[in-house]
**Student:** 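Structure provided below as structure tokens; questions to follow.
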Amino acid sequence: MQSTQTRRRLLATLSSATAAGLIGSGKVGAQEAPPETTTIRLTKVPGICVAPQYVAEGLLKAEGFTDVQYVEVEAADVHAAFAAAKVDVSMAFVAPFIMQVDAGVPIMLLGGIHAGCFELFGTERVRAIRDLKGRTVAVPGLTSPHYIFLASMAAYVGVDPKRDINFVIYPAADSMQLLAEGKIDALVGFPPVPQELREKKIGHVIVSSALDRPWWQYFCCIPAAHQDFIRKHPVATKRALRAIVKAANFCAAEPERAARLVADKGYRYDYSLQTMKEIQYARWRDYDAEDTIRFYALRLHEAGMIKSSPSKIIAQGTDWRFFSELKRELKS
């Protein structure tokens, strides 16, 4: 019964949003061929920042996907799920995607959805990234987006993440407790971790990728798809991307209703609402996806984490055609 009510609320919410012009008309999609497959697999992670792909469930069904699956993975395993072909299309942090392209994983980066979800929190001993030299930082894993983001930031200011920072591996809940006790010096978090740290008054923000240059100038989370899925299902790829982009518009225009849909997926409503209001989901048109790839590829190269040049990553691992078409179709 609860599942039925949730589904009805979701469809009613998105239908009213379409009627109000918040997420665009369904006329463009209706003129296209139907998707080559009616099944679509996306990730479900502990983070809230990828909210558009949760909010998009009803929109995906309107695009012709009758079987919308959310594959639960840990944040550190999102990108590996693509490599294992466990998901078809999904959002995640851009830098690990670049590392996968560099390693030859058959994925394509499709565009960009939003900037600014990661935050670096620390104790009073740490006031800037350079202060992390000789300090201890907790991350969920050495292949996690948290580690990769901090390694990129450190390399950008001349700090060698492998030599200068002592990384320890802890899940988010343990890391927050250790930071509160002063047993670590810093941690990197994405929603809902920053919201919980602020609520509990643990640590302070050293870097916010939503507010601090140069990080706020580039996409943080972007959509990607497995190459086989794109090759076999180009119409489905575009339809899935359109649903996610429309959902991003909805998150920006109707944060309370979007937060309720996210909460229906098992996340706290208050943290979800904070995330809707803090992340600028409506600005997916304003950023340049290719500039984002180039920027992070340079940072990863500086950190010794990839061998490929930015131009090679862009040539081998990006496909902007669907995103470019949607920018024209969904003009505000």
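The residues of the chain are indexed from 1 along the displayed sequence.
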**Student:** Check whether F121 and M153 end up in the same hydrophobic cluster, where Ile, Leu, Val, Met, Phe, Trp and Tyr are linked by side-chain heavy atoms less than 4.5 Å apart.
**Tutor:** no
**Student:** Does the distance from a Lys or Arg side-chain N to an Asp or Glu carboxylate O, for E290 and R294, drop under 4.0 Å?
**Tutor:** yes
**Student:** Taking L120 as the starting point, is it possible to reach L179 by hopping between hydrophobic residues whose side chains are less than 4.5 Å apart?
**Tutor:** no
**Student:** Does L109 offer a backbone N or O that forms a donor-acceptor pair with the side chain of T318 under 3.5 Å?
**Tutor:** no
**Student:** Between atom OG1 of T143 and atom CD1 of I148, what is the distance when rounded to the nearest 0.5 Å?
**Tutor:** 6.5 Å
**Student:** Do Y147 and L142 have side-chain heavy atoms sitting under 4.5 Å apart?
**Tutor:** yes
**Student:** E36 side chain to A236 main-chain N or O, any donor-acceptor pair under 3.5 Å?
**Tutor:** yes
**Student:** Evaluate side-chain hydrogen bond (donor to acceptor under 3.5 Å, both in side chains) for T39 paired with T37, printing each intermediate quantity in order.
**Tutor:** CA-CA 6 Å; T39 298; T37 176; 4.5 Å; no
**Student:** Keeping H114 on the side-chain end and C49 on the backbone end, is there a donor-acceptor pair under 3.5 Å?
**Tutor:** yes
**Student:** Short question: side chain of R198, backbone of V205 - any donor-acceptor pair under 3.5 Å?
**Tutor:** no
**Student:** Establish whether I206 and L178 are linked, either directly or via other cluster members, by ILVMFWY side-chain heavy-atom contacts under 4.5 Å.
**Tutor:** no
**Student:** Set out, in order, the CA-CA distance, both residues' side-chain angles and the distance that settles side-chain contact (heavy atoms from CB on, under 4.5 Å) for Y170 and Q177, then state yes or no.
**Tutor:** CA-CA 10 Å; Y170 288 102; Q177 183 60 37; over 6 Å; no
**Student:** Scan for salt bridge (charged side-chain N to carboxylate O under 4.0 Å, His left out) pairs involving residues 200-209, sequence neighbours excluded, and state none if there are none.
**Tutor:** E196-K200
**Student:** What are the two closest heavy atoms between Q100 and A83, and how far apart are they?
**Tutor:** NE2-CB, 3.7 Å
**Student:** Under 3.5 Å, side chain of S209 to main-chain N/O of F118, donor-acceptor pair present?
**Tutor:** yes
**Student:** Using every non-hydrogen atom in the two residues, find where I279 and P191 come nearest and quote the distance to one decimal.
**Tutor:** CD1-CG, 4.4 Å
**Student:** NE2/H226 to CE/M108 distance, rounded to the nearest 0.5 angstrom?
**Tutor:** 11.0 Å
**Student:** Can you hop from L187 to I48 via hydrophobic side chains spaced under 4.5 Å?
**Tutor:** no
**Student:** Provide the full list of ring-ring contact (aromatic ring centres under 6.0 Å, His included) pairs with a residue in residues 254-276, sequence neighbours left out, each pair given once.
**Tutor:** Y54-Y267
**Student:** Has R239 got a side-chain atom pairing as donor or acceptor with A33's backbone, closer than 3.5 angstrom?
**Tutor:** yes
**Student:** How far apart are the C-alpha atoms of H146 and F190, what are their side-chain angles, what is the distance that settles it, and do they pass the ring-ring contact (aromatic ring centres under 6.0 Å, His included) test?
**Tutor:** CA-CA 8 Å; H146 311 67; F190 57 82; 4.9 Å; yes
**Student:** Other residues, nucleotides and ligands only: do more than 12 of their heavy atoms fall within 6.0 Å of NZ on K312?
**Tutor:** no
**Student:** Looking at R41 and K86, would you say the former's side chain and the latter's main chain have a donor-acceptor pair under 3.5 Å?
**Tutor:** yes
**Student:** To the nearest 0.5 Å, what is the distance between CG (D212) and CD (E119)?
**Tutor:** 9.0 Å
**Student:** With side-chain contact (heavy atoms from CB on, under 4.5 Å) as the criterion, how do E199 and Q274 come out once you've worked through the C-alpha distance, each side chain's angles and the decisive distance to 0.1 Å?
**Tutor:** CA-CA 11 Å; E199 180 183 59; Q274 288 179 46; over 6 Å; no
**Student:** For residues A258 and V55, report the shortest heavy-atom separation together with the two atoms involved.
**Tutor:** O-CG2, 3.9 Å
**Student:** Tell me, please, which residues at least two apart from S324 pass side chain to side chain contact (heavy atoms under 4.5 Å, CB included).
**Tutor:** W320, R328
**Student:** Between P255 and L273, is any pair of side-chain heavy atoms under 4.5 Å apart?
**Tutor:** yes
**Student:** Let me see the working for F82 and F97 under ring-ring contact (aromatic ring centres under 6.0 Å, His included), right down to the final yes or no.
**Tutor:** CA-CA 9 Å; F82 272 96; F97 278 144; 5.3 Å; yes
**Student:** If I compare all heavy atoms of G64 with all of T38, which pair ends up nearest, and what's the gap?
**Tutor:** O-CG2, 3.6 Å
**Student:** Atom CG in L298, atom CD1 in I98: separation rounded to 0.5 Å?
**Tutor:** 9.0 Å
**Student:** Can you check whether D185's main-chain N or O pairs, donor with acceptor, with R135's side chain at less than 3.5 Å?
**Tutor:** no
**Student:** Would you confirm whether D88, through its side chain, and F229, through its main-chain N or O, come within 3.5 Å as a donor-acceptor pair?
**Tutor:** no
**Student:** With rounding to the nearest 0.5 Å, note down the distance linking CG in D270 to CD in Q195.
**Tutor:** 9.0 Å
**Student:** Tell me whether E256 is salt-bridged to R260, with the criterion being a basic N under 4.0 Å from an acidic carboxylate O.
**Tutor:** no
**Student:** What residue among W284, F93, Y281, Y287 forms ring pair (Phe, Tyr, Trp, His ring centres under 6.0 Å) with F219?
**Tutor:** Y287
**Student:** Starting at NZ of K162, measure out to CE of M305 and round the result to the nearest 0.5 Å.
**Tutor:** 7.0 Å
**Student:** For the CZ atom on R127, are there more than 12 heavy atoms of other groups (residues, nucleotides or ligands in this structure) within a distance under 6.0 Å?
**Tutor:** yes
**Student:** Testing the 3.5 Å rule here: is there a donor-acceptor pair between the side chains of N166 and T136?
**Tutor:** yes
**Student:** Could you walk me through whether V68 and L42 satisfy the side-chain contact (heavy atoms from CB on, under 4.5 Å) test, starting with their C-alpha distance in whole Å, then the side-chain angles of each, then the deciding distance to 0.1 Å, before giving a yes or no?
**Tutor:** CA-CA 8 Å; V68 180; L42 308 93; 4.0 Å; yes
**Student:** Would you find more than 12 non-hydrogen atoms of other residues, nucleotides or ligands less than 6.0 Å from Y156 atom OH?
**Tutor:** no
**Student:** Could you go through the ring-ring contact (aromatic ring centres under 6.0 Å, His included) check for W215 and F295 one step at a time?
**Tutor:** CA-CA 10 Å; W215 314 104; F295 174 80; 5.4 Å; yes
**Student:** Given D319 and R321, is the salt bridge (Lys or Arg N to Asp or Glu O under 4.0 Å) satisfied, shown in steps?
**Tutor:** CA-CA 6 Å; D319 186 345; R321 55 185 162 144; 2.8 Å; yes
**Student:** Can you see which heavy atom on R130 is nearest to which on V157, and at what distance?
**Tutor:** NE-O, 3.4 Å
**Student:** Dump the intermediate steps for side-chain contact (heavy atoms from CB on, under 4.5 Å) on F250 and L59, then the final yes or no.
**Tutor:** CA-CA 11 Å; F250 183 73; L59 292 165; 5.8 Å; no
**Student:** Does F167 CZ have over 12 foreign heavy atoms under 6.0 Å away?
**Tutor:** yes
**Student:** Quick check: is L132 connected to I202 through a chain of hydrophobic side chains (ILVMFWY, heavy atoms under 4.5 Å apart)?
**Tutor:** no
**Student:** Restricting to non-hydrogen atoms, name the atom on I184 and the atom on A138 that form the minimum distance, rounded to 0.1 Å.
**Tutor:** CD1-CB, 3.6 Å
**Student:** Do V89 and I40 have side chains that get closer than 4.5 Å, going by heavy atoms?
**Tutor:** yes
